[in-house]
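Okay, structure first, notes after.
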Amino acid sequence: MKKTIISHFELKLEFDKNTENPSRLFRSFADIIEDIRNLDVVLAKSINSSISTKIFLNDIEKGSLIGKLWDELVLNEDGKLDNLEEPQKVSNFIENSRSKALEFIQDRKSSVDDLEKLSEAIEEIAREEDLDKTFNYAKPDILQLAKTLNQISETTEKLSDNEKLTITNSTEKSEELTNKVTKIDIEAVEKALTVEEINNQSIAFYKIKKPDFLGDSQWEFKHGSKSLKIKIADEEWLERFKNGKEIVVPGDSLKVRIKQNFRYNRNGYLISEKTEIIEVLGIIKNQ
């Protein structure tokens, strides 16, 4: 039998009454709702990997932009959690863990050590609610947690200096987020989690979808049925391309030498996979 857990929270966006470009505020409000949903999913996956979640709007109040919402967490679509007798424990875990995660952003923390302390704090909350005894609890995925926290920071840093977001849970505990944020270095988190790193080089053919005419970002390619965004690090070829000596159009392909980097954690799980074009060997014209 499917069980659902409800987690109520309130979002309040404070802003000047005569703010220009008000659509920006509504986009930020929509983004933070989605960011909170993603955070709840990352937290709840430490309890059950098959979690799904839906956020519902209960009310909108005037004045500052205030939304009263609830997150419906479906924790046992596959029947794994039929022994759940106190769903309030899961709700408490989500709300208290969410508050801890938002405090991390509010306090402008960003180091790997601080992130590991946050993970330990979330694990302690699970113990307090006896979830570690009821389920096969695992620490939250630190890398996913870091990426989700960065998403929230990216949303709030778009606010102006006199604007702030306040997130309040059902126990009236609140965290305030402003545009003064400190991002987590995802590369540093990956390195801290990496136990084994594998590098290799190979030759590949990539069909061009969208070139990068500025030379500062990634090109878009098709490789079989996959769409890829890859940076070209061959500076000599890029210089010829920018000077019009190498002509490509969408549909052409590049024969390239690529460098791939794979990072694995202590359980042998792939943490990250990165591909870079280190040499362009030729252009294959679309026939």
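All values derive from a computational prediction rather than experimental measurement.
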Show the nearest heavy-atom pair for residues Ile125 and Lys100, with the distance to one decimal. CD1-CG, 3.8 Å

Pairs touching residues 186-211 that satisfy ring pair (Phe, Tyr, Trp, His ring centres under 6.0 Å), sequence neighbours left out: Tyr206-Phe221, Tyr206-His223

From the list Asn265, Leu118, Leu115, Ile184, side-chain contact (heavy atoms from CB on, under 4.5 Å) partner of Ile142 resolves to Leu115

Connected hydrophobic set around Leu281, excluding itself, where side chains approach under 4.5 Å: Ile203

Out of Thr194, Leu270, Ile271, which residue meets the side-chain contact (heavy atoms from CB on, under 4.5 Å) rule with Tyr264? Leu270

Say whether Asn92 and Gln88, considering side chains only, have a donor N or O and an acceptor N or O under 3.5 Å apart. yes

Between Thr171 and Glu95, does any side-chain donor sit less than 3.5 Å from a side-chain acceptor? no

Are Phe15 and Leu159 close enough, and set up right, to give a side-chain contact (heavy atoms from CB on, under 4.5 Å), and what steps lead you there? CA-CA 9 Å; Phe15 53 90; Leu159 301 176; over 6 Å; no

From Arg108, Lys183, Lys164, residue fulfilling salt bridge (Lys or Arg N to Asp or Glu O under 4.0 Å) relative to Glu157: Lys183

Residues Lys274 and Glu187 bridged, charged N to O under 4.0 Å: yes

Quick check: closest heavy atoms across Glu246 and Phe241, and the distance to 0.1 Å? O-CD1, 3.4 Å

Excluding sequence neighbours, so at least two apart, what forms side chain to side chain contact (heavy atoms under 4.5 Å, CB included) with Glu239? Lys242, Asn243

Give a yes or no answer on whether the side chain of Asp234 reaches the backbone of Val280 with a donor-acceptor pair at less than 3.5 Å. yes

Side-chain H-bond candidate by donor/acceptor type, Glu163 with Asn179, under 3.5 Å: no

Is Asp71 paired with Arg37 through a side-chain N to carboxylate O contact shorter than 4.0 Å? no

So, Ser7 and Asp40: side-chain donor and acceptor under 3.5 Å apart, yes or no? no

Do you know which two heavy atoms are closest between Lys180 and Asp161, and how far apart they sit? NZ-OD1, 4.2 Å

